[in-house]
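Letters A, B, ... are given to chains in the order of the sequence lines, protein chains preceding strands, and every chain is numbered from 1.
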There are 2 protein chains.
Amino acid sequence: MAKAVATRGFARDRVLDAARALFTEHGVGGTSLQMIADRLGVSTSAVYYQFRSKADIVVTVFRPVFEDITRVIRIAAAIPSREVRREATISGMIELAVRHRRTTALVRTDPAVAELVEAVGEFRDAVADLQVILAGPAPDPASRTAVAVLVSGIFGAAADPAVAAIPDEELHRLLLDCARRLVAA
Amino acid sequence: MAKAVATRGFARDRVLDAARALFTEHGVGGTSLQMIADRLGVSTSAVYYQFRSKADIVVTVFRPVFEDITRVIRIAAAIPSREVRREATISGMIELAVRHRRTTALVRTDPAVAELVEAVGEFRDAVADLQVILAGPAPDPASRTAVAVLVSGIFGAAADPAVAAIPDEELHRLLLDCARRLVAA
DNA sequence: GTCTATATATGGATAGAC
DNA sequence: GTCTATCCATATATAGAC
């Protein structure tokens with residue numbers, strides 16, 4: 001129990017790291033500022049010095065993920081062929097799902113994050129665009145189901161403890177295999 | 001705003017219905033007894049008359065799902081061929097995922113439910129057994145990844161709003177197609 | 001930059017009246 | 001079977017001292 005070493009200067013990042021870990025363990029709703037403060041060995045007030053509110057922390061934690069999704073969409077949107085565009089989107093989605101691993105699971109599943117997505121237009125658009133590129137504008141039941149399995153499967157699997165030991169590169173490749181099998185009509 | 005009609009005699013079931021709906025919307029952690037009581041137009045004390053605690057409600061809501069999982073496993077365990085056994089397990093898993101739809105999503109994703117699973121040995125065993133039947137006792141990375149995609153994909157997709165309009169039978173069939181494509185090595 | 005103290009709300013839970 | 005009243009713990013958040 002060495003006294004909490006204040007590595008100094010990066011207090012904000014330390015709060016974000018602790019928040020990320022706790023969000024993963026207990027969900028956003030199950031994580032209090034007290035828990036974050038305790039993990040850092042500081043008081044809640046110290047946390048409030050770095051962030052205006054809990055919502056501020058949540059938004060800061062998840063912004064990078066949605067920025068990545070937006071980036072993947074923007075790159076894909078420039079591709080003329082629908083087939084190639086979908087391929088690129090899936091590949092980009094897997095890349096970011098693996099890179100963010102623990103964080104991304106919550107994007108698809110945590111009710112608090114779902115509310116956040118609804119609230120922040122920027123995030124909401126990213127998710128909507130993703131659906132359209134993958135399933136098309138007016139998808140039939142089979143496409144809708146396949147896309148739902150694909151997205152839930154990718155994001156859920158990337159965060160599954162069962163694959164935690166698999167290195168990023170290998171996991172990326174394995175998920176790509178699964179995705180190809182799924183969407184290969 | 002007609003005064004809350006107390007259909008009488010089924011107060012317990014009405015609490016469970018309200019809880020299920022709220023758990024789906026806000027997650028278990030994000031649902032308070034106050035919210036449940038409000039939705040029924042009663043006081044929290046009235047809810048406490050039907051259940052000892054919030055945990056009691058949670059356990060009662062999720063028990064049927066885990067009982068179904070246990071039943072699927074028990075039936076599958078009696079099948080000698082490993083191939084056929086896995087097929088039967090997947091089919092049974094899809095059947096219960098579709099039948100419970102909104103509830104099952106939380107089983108894979110809600111941190112509060114994850115803690116519940118850890119706490120209740122009966123539930124924990126069901127989940128562990130499911131993994132072993134699907135992936136085998138010492139699975140390689142590829143199998144672990146495929147099973148993770150399969151389970152997350154099935155449960156996540158069944159609860160996805162995008163497939164809400166698809167009838168149970170059709171959704172079951174479509175999910176089975178997805179599963180076959182995924183595990184067909 | 002971190003602390004103490006505090007305001008205020010909400011959550012889970014119980015006792016006892018009706 | 002439902003309500004009022006209440007207890008206690010915890011949560012978010014702020015003010016101000018050091």
side-chain contact (heavy atoms from CB on, under 4.5 Å) partners for D13(B), two or more places apart: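 Counting only residues at least two positions away or on another chain, D13(B) forms a side-chain contact (heavy atoms from CB on, under 4.5 Å) with F10(B), L16(B).
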side-chain contact (heavy atoms from CB on, under 4.5 Å) against E25(B), all qualifying residues, sequence neighbours excluded: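 Once residues adjacent in sequence are excluded, the partners of E25(B) under the side-chain contact (heavy atoms from CB on, under 4.5 Å) criterion are R39(B).
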Filter on side-chain hydrogen bond (donor to acceptor under 3.5 Å, both in side chains), then keep only pairs touching [range], sequence neighbours left out; what's left?
| range | result |
| --- | --- |
| residues 114-131 of chain A | E115(A)-H26(B) |
| residues 41-61 of chain A | none |
| residues 143-170 of chain A | R101(A)-D168(A), R108(A)-S152(A), D140(A)-S143(A), D160(A)-R108(B) |

Heavy-atom protein contacts under 4.0 Å, nucleotides 10-17 of chain C, coded B base, S sugar-phosphate only, - none: -SSBBB--
Ring pair (Phe, Tyr, Trp, His ring centres under 6.0 Å): pairs with one or both residues in residues 138-157 of chain B, sequence neighbours excluded: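 Every candidate ring pair (Phe, Tyr, Trp, His ring centres under 6.0 Å) pair involving residues 138-157 of chain B fails, so no pair, neighbours aside, qualifies.
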Any pair counted as ring pair (Phe, Tyr, Trp, His ring centres under 6.0 Å), so long as it reaches residues 66-119 of chain B, sequence neighbours left out: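 Listed by first then second residue: F66(B)-F123(B).
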Whole angstrom value for the distance that separates C1' of dC3(C) from CD of Q50(A):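 Going from CD in Q50(A) over to C1' in dC3(C) covers 14 Å.
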Rounded interatomic separation in angstrom, taking CZ from F51(A) and C1' from dT12(D):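 About 16 Å, once rounded to whole Å.
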Residues in contact with DNA chain D, drawn from residues 15-24 of chain A - heavy-atom cutoff 4.0 Å: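 Result for residues 15-24 of chain A: none.
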Bending between helix ends of the helix from dG1(C)-dC18(D) to dC18(C)-dG1(D) [5 pairs per end, 10° resolution]: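 That helix has its two terminal axes inclined by roughly 0°.
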N or O in side chain of S43(A) less than 4.0 angstrom from dT2(C) OP1/OP2: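 For dT2(C), neither OP1 nor OP2 has a side-chain N or O of S43(A) closer than 4.0 Å.
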Y49(A) vs dG1(C): side-chain N/O to OP1/OP2 distance below 4.0 Å: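 Affirmative; the distance criterion is met.
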Shared-cluster residues of I79(B), by chain and number - hydrophobic side chains joined below 4.5 Å: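 Its cluster partners, ordered by chain and number, are V84(B).
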Spacing of L134(B) atom CG and M93(B) atom CE [to the nearest 0.5 Å]: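 Between L134(B) CG and M93(B) CE, I get 5.5 Å after rounding to 0.5 Å.
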Contacts of type side-chain hydrogen bond (donor to acceptor under 3.5 Å, both in side chains), residue R71(A), not counting sequence neighbours: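 So R71(A) forms a side-chain hydrogen bond (donor to acceptor under 3.5 Å, both in side chains) with D68(A).
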